[in-house]
Peer 1: 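Handing you this structure, nothing more for now.
As a basis for the values below, the full set of heavy atoms in this structure was taken, side chains included, without hydrogen atoms, waters or symmetry mates. Residue numbers begin at 1 in each chain, while the letters A, B, ... track the order of the sequences. Only a predicted model underlies this, so the values are computations on that prediction, with no experimental measurement involved.
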Amino acid sequence: MKKSGSIVIFGATSGIARAVSRELAKRGDVLVLVGRDEAALRAEAADLAARFGRESRVFVWDLLERELHGRRFADLIAGEAPFGALGGVFFASGVMPTEAEAEASPAATRLNFDVNLTEPVVVLNLFAGYFRAQGSGFLSVLSSVAGDRGRAGNKTYGASKAGLSAWLEGLRASLHGTGVLVQTVKPGPTRTPLTAGYKGPAVLVAAPETIARAVVRGLERGRTTVYAPPYWRFVMGLIRLLPESLARKVPG
Amino acid sequence: MTALSGWGRNPVVTASGIRPATLSAAASAVVAAPGFLPRGLGRSYGDASLPAPGTRFLGTEFLDRFIAFDPVEGVLEAEAGVSLHAILEAVVPRGFFLPVTPGTRWVTLAGAVASNVHGKNHHHAGSIERFVTALEVATPAGLFRCSPAERPDLFRATVGGYGLTGLITRVRLRLKPIASPRLRTLTLRARGLQELFATFRERDAGYEYSVAWIDTLATGKALGRGLLLLGRHAEAGDPAPGSPNEASPKVLFSVPFSAPAALLQPWALRLFNAAYYHLPRPAGERTAGLGGYFYPLDRIGNWNRMYGPAGFFQYQCVLPDQAGARAPAERGVEACLRFLAANGMGSFLAVLKRCGEDTVMLPFCRRGYTLALDVPNRGTETLRRLEELDRIVLDFGGRVYLTKDARLPRETFRKMYPEWKAWMETVTRYNPQGAGRSRMSERLGLWDA
């Protein structure tokens, strides 16, 4: 992977993105932190500056302001132009409604698909075009093991991540041979504010730092799919083989 | 509901709580709806971080941002939940070290302040109180900045205040410049207690850090035999080390589950202590990494599981030099060790350090010695023995460290800490309803003031 070029972090105030940003800044990357809340983004930038002596830039972009995506993209590219080409995008924006919330509220269901699937696809298409033209770069996108199988406990969230994983697989095929890496990241449950409601066994919950190390290692090795922690590849491989009548009985 | 315990894995309570994602969310939770006890990495040994019934915990896990670092002055400002590990990773490569550090990197900055932690340099440097230049504290009475000059009452009640004034949200800490990320260490063997004291007196003036490990099972002339481990920061020109100079040593192995009680049989303890004492040690000074000297136990993940499912107590007391008496601290240490040896209360890790004076409202360290030991939890028998030990400590004017404590009786606490009422008067000025009670605060009857 090319190390030069700034890396754009979407959802930069989220638990996993913060850990990924630290891991990247530690090895010397310059970051553009993207999110909705400018003050919160500045706090993350201050953290990276104090920790590693690295300056990073912040950029406000709300995924739900869908009519502004083209303008935001152009502004971001123009703002970064003086610093050279972009090196890649790590995309971690997302929401996780509980299944009860999603079932009870059409708005929560729509928000889930907008933030986890529709808007990421629209925005990532813009960057895919940029990197294709450049002939280098990466798109590392946070999906989830929840997208590997439809499950009662997270069918809404899981469906949006399944859609995202499928789209990324297609994007990878369409960018094959262009020098652009498309990486699908599938973490298991992770200790972040997003998963505060997680009720499963605690031993299966990984630290965000574990996910971050797997992501950066995956980028360095050009991996197309990163399960994090890696044992999820094995677990989901088995679960995917189960017939639906059995898969239904797996707890969680 | 989550099961929670301190590092001693005893007692265990169930409590519910929150883990706010931002400082402002955390501060408004405490100010708007008091009733949260702050909890960091859960490394205090006893019940200081355990919520009393009806209290919820406020986990500082996600409040882990550095706010600012001035590499010229060496002043760091950070959020409550930043670990000492994270600080070391960031500042050691830039020529700074923690001015005071406990024996593990896995504590949060706010937890270190709330426990007013001390280290192997207490007799020279004091506790962390001397290096905290400012705090921000979310109390039920509001959000306040405080420092030794600004709201000194809140400052002196919060440092070493066990989270009872509220949540420490930000800490500003003055770090220590170091010329090298290495240490020069010297290990000296002492065949008995008097020799150990003499070695302390003669040698530790030349070393900023000193700590002694004691074989608590040795009796007779060998009573108090042990190793004195001295350290000082290397100078820039000192010889390069043979070993990597990591501030954060890798975990060598982790204890995967609670060990069966058989591991803690007296013969195993005797074997360990004798081996540790007699193991050949290099003569003269050697160069070492920071991690190996300051954080040896961090190399063993979950070492607290060694003590089995019932957990253990850590007993740490200070034995002060009192005016007029001849070497009372030394006589106090001797009395404690005689008691431990006579009762077969050996410990894998009995540690002796020198102490200076703390100045916060509820001070632990007094000029003299501090002795710390691990005691497996064997129920009422253990509690009874520790109460006998309390009486010896009291006779010598000493006190027990609350960060380690899970069992000190209320009456004993009040004799050991006569300052407690004045401290609690200040606490209740900022926390008038007594919100966010720890199990410790109820056990010690702090709210009865």
Peer 1: If you count the non-hydrogen atoms of other residues, nucleotides and ligands that lie under 6.0 Å from CZ in A:R57, is the total more than 12?
Peer 2: yes
Peer 1: ring-ring contact (aromatic ring centres under 6.0 Å, His included) with B:F144: which residues, sequence neighbours excluded?
Peer 2: B:Y430
Peer 1: Check whether B:A68 gets within reach of chain A through its side chain, its backbone, both or neither, counting any heavy atom under 4.5 Å.
Peer 2: backbone
Peer 1: If I measure from the heavy atoms of chain B, does A:R22 come under 4.5 Å with its side chain, its backbone, both, or neither?
Peer 2: side chain
Peer 1: In chain order, what residues pass the ring-ring contact (aromatic ring centres under 6.0 Å, His included) check against A:F91, with sequence neighbours excluded?
Peer 2: A:F10
Peer 1: Look up atom CZ in A:R191 and atom CZ in B:F62, then write down how far apart they are to the nearest 0.5 Å.
Peer 2: 6.5 Å
Peer 1: Counting only non-hydrogen atoms closer than 4.5 Å, does B:E61 touch chain A with its backbone (N, CA, C, O), its side chain (CB onward), both, or neither?
Peer 2: side chain
Peer 1: Please list, chain by chain and in numerical order, all residues satisfying ring-ring contact (aromatic ring centres under 6.0 Å, His included) with B:W106, sequence neighbours excluded.
Peer 2: B:H85
Peer 1: Does CZ in A:R72 sit with more than 12 non-hydrogen atoms of other residues, nucleotides or ligands closer than 6.0 Å?
Peer 2: yes
Peer 1: Quick check on the structure: residues of residues 103-113 of chain A within a heavy-atom distance below 4.5 Å of chain B, by number.
Peer 2: none
Peer 1: Rounded at 0.5 Å granularity, tell me how far CZ in A:F52 sits from CZ in B:R94.
Peer 2: 9.0 Å
Peer 1: Quick one: closest heavy-atom pair of B:D64 and A:D47, and the distance?
Peer 2: O-OD1, 4.0 Å
